[in-house]
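Here's the structure we're looking at; comments come further down.
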Amino acid sequence: MTAHDLTRRQALGAAGALLAGSQIAPGPTAPAPGGQLAVERVGVAPRVELVNTLEYEEQAKLKLAPAVYSLIAGGDRGSFDRITLRPRMLVDTLGLDLSVTLFGERLFAPIVIGPVADQKRFHADGEVATVRGAAAARVIMIVSSRSSAPLQAIAAQARTSLWYQVSAGDPAARRQIQDAVNAGCKAICITVGAAPVASGTRRSAVAAKVDWPAVDALKQGLNVPVLVKGIATPEAAQVALLHGVDGIIVSNYGGLAGPGTEAVVLTLPAIVDAVSGKVPVLVDGSFRRGTDILKALAFGAESVLVARPPMWGLAAYGAGGVQGIVEMLQTELARYMAMSGKTHLKMLDRTMLRVHGVRPVRTPGTGSMAGVSDRPSDGAVRG
């Protein structure tokens, strides 16, 4: 270990001291599909050595069998690079506050662990480890209706709020919702508008008409907030409002919608405008850095869901990895809010951002056209 490495870790630790939490020991290796254990090909690095979430992904790749790792690999990152932040230095940010209020509950930070099915594929403790990490990092966890652990076992470990996710077309959804409410889940997320399909070893999705009567039936009689997950256009958001939903989650179905679809972060401003503050707008879709989260918040989202990154932490380090991922994102968000001269979330707006287009240019000697990002030279902080 070099002196430079030590200084870097110490500096990052100091920057995130206000967000520090307790340590949780890592858990055992995860089982792969078919009941086989994922092979740990080499030892993972000590968690304290990791400095961003993408390094967690590399550690998860070492722990998991390739077929299992492929389920949580990658993400659509290109659009985030088109958005840059406008820094504002020399501003007193000692009173920086990440908290947000959703549905009457004050949350430590605007980050939610999104729903992921069958988490025992990635770690033997599955969702129980994830909820322990979520509790340590003080964030909400959304439990999938296809979880690999009983909801009661997950709820028993929860020290922060749980939400619950179901699919609109699932015949068991109504019973699952009632069980979730009885277990203490404080909100229900209904996934709409996409049907996953498999092609060989790869996942994709096809657009499906939203079954609004099914959503209405699932909402009926509930005394907890109901959000719809899978809204991808302003028009769909307006229809959702007509059906009386309590919140909207802008999503591209975990990146399954395929090529040719606009990135979630770029559709977000128009959807926020269409909703006009009537209900909270949340978003998911390839958020990997605190700067990504800051950009979504500046566009008008009230919170951001992250799903694959916590699974990287879970696979490599168990509950402690989930905690580490979330706290790393909290720390990065705080750092770049401060660099932007903002001390609380209500100060964030679109004037903080520049969105750079892609202008076509001709490649010399080929006659072909290539997209070149129209990047600024004004010192903007890049995500």
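- In this structure, Thr53 OG1 and Arg288 CZ are separated by 7.0 Å, a value rounded to the nearest 0.5 Å.
- Remark: side-chain polar atoms of Ser251 are not paired, donor with acceptor, to backbone N or O of Gly230 under 3.5 angstrom.
- Using modelled atom types, no side-chain atom of Trp312 and backbone atom of Glu55 make a donor-acceptor pair closer than 3.5 Å.
- Side-chain contact check for Val279 versus Asp246: every heavy-atom pair is 4.5 Å or farther apart.
- Connection of Val272 to Met347 is not established within any shared hydrophobic cluster, with ILVMFWY side chains joined at heavy-atom distances below 4.5 Å, either directly or through further cluster members.
- Using a 4.5 Å heavy-atom threshold, the side chains of Leu227 and Phe103 count as touching.
- If you take CD on Gln238 and CD1 on Ile271, they are separated by 10.5 Å, rounding to the nearest 0.5 Å.
- Transitive grouping of hydrophobic side chains (ILVMFWY, heavy atoms separated by less than 4.5 Å) brings Leu305 and Leu266 into a common cluster.
- For Phe287, the ring pair (Phe, Tyr, Trp, His ring centres under 6.0 Å) partners at least two apart in sequence or on another chain are Phe80.
- Residues passing the salt bridge (charged side-chain N to carboxylate O under 4.0 Å, His left out) test with Asp216, sequence neighbours excluded: none.
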Exercise for the section: Could you go through the side chain to side chain contact (heavy atoms under 4.5 Å, CB included) check for Leu151 and Cys185 one step at a time? Expected result: CA-CA 10 Å; Leu151 179 57; Cys185 293; 4.3 Å; yes
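- In this structure, Met89 is a member of the same hydrophobic cluster as Leu85, with clusters built from ILVMFWY side-chain heavy atoms closer than 4.5 Å.
- With Ser99 as the partner, the side-chain hydrogen bond (donor to acceptor under 3.5 Å, both in side chains) test is satisfied by one option alone out of Arg106, Arg138, His344: Arg106.
- Looking at Ile83 and Val265, their side chains come closer than 4.5 Å, going by heavy atoms from C-beta outward.
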Practice task
Begin with the C-alpha distance, continue with both residues' side-chain angles, and end with the deciding distance and a verdict on side chain to side chain contact (heavy atoms under 4.5 Å, CB included) for Val224 and Tyr164.
Solution key: CA-CA 11 Å; Val224 298; Tyr164 193 76; over 6 Å; no
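- The line from OG1 of Thr191 to CD1 of Ile249 is 7.5 Å long, rounded to the nearest 0.5 Å.
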Practice task
Test side chain to side chain contact (heavy atoms under 4.5 Å, CB included) on Thr93 and Met337 and set out the steps.
Solution key: CA-CA 9 Å; Thr93 57; Met337 275 182 62; over 6 Å; no
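- Looking at heavy atoms from C-beta onward, Ile325 lies out of side-chain contact with Val306 at the 4.5 angstrom threshold.
- Considering only heavy atoms from C-beta on, Pro310 stays 4.5 Å or farther from Arg308 through its side chain.
- Donor-acceptor pairing under 3.5 Å is lacking for the side chains of Glu127 and Ser147.
- The main-chain N or O of Ala263 is never found under 3.5 Å from a side-chain atom of Ser79 such that the two would form a donor-acceptor pair.
- Proximity of a side-chain donor or acceptor of Arg47 to a complementary backbone N or O of Tyr317 within less than 3.5 Å is not detected.
- Salt-bridge formation is detected for the pair Lys229/Asp284: a Lys NZ or Arg NE/NH1/NH2 atom is positioned less than 4.0 Å from an Asp or Glu carboxylate oxygen.
- Side chain of Arg86 to backbone of Arg354: no donor-acceptor contact under 3.5 angstrom is found.
- Proximity of a side-chain donor or acceptor of Gln330 to a complementary backbone N or O of Ala137 within less than 3.5 Å is detected.
- Here the side chains of Arg289 and Arg77 are in contact, with some heavy-atom distance below 4.5 Å.
- By the neighbour-count criterion of 12 heavy atoms within 6.0 Å, atom CZ of Arg350 is densely surrounded, having more than that number from other residues, nucleotides or ligands.
- Both Leu329 and Leu54 belong to a single network of hydrophobic side chains, linked directly or stepwise wherever heavy atoms of I, L, V, M, F, W or Y lie under 4.5 Å apart.
- The local environment of CZ in Arg146 is sparse, with at most 12 non-hydrogen atoms from other residues, nucleotides or ligands closer than 6.0 Å.
- In this structure a side-chain-to-backbone donor-acceptor pair under 3.5 Å is missing from His243 to Val245.
- In this structure, the side chains of Leu162 and Met141 come closer than 4.5 Å at one or more pairs of heavy atoms.
- With no hydrogens or angles considered, a side-chain donor-acceptor pair links Glu57 and Tyr69 at under 3.5 Å.
- A donor-acceptor pair is defined here as one N or O able to donate and one able to accept, closer than 3.5 Å; no such pair exists between the side chain of Lys219 and the backbone of Val226.
- You'll find the side chain of Leu218 stays beyond 4.5 Å of the side chain of Val215, heavy atoms only.
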Exercise for the section: In sequence, state the C-alpha distance, the side-chain angles, and the governing distance for Val281 and Leu268, and then conclude on side chain to side chain contact (heavy atoms under 4.5 Å, CB included). Expected result: CA-CA 9 Å; Val281 175; Leu268 179 60; 4.0 Å; yes
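- Residues Leu222 and Val166 share a hydrophobic cluster, clusters being chains of Ile/Leu/Val/Met/Phe/Trp/Tyr side chains in contact below 4.5 Å.
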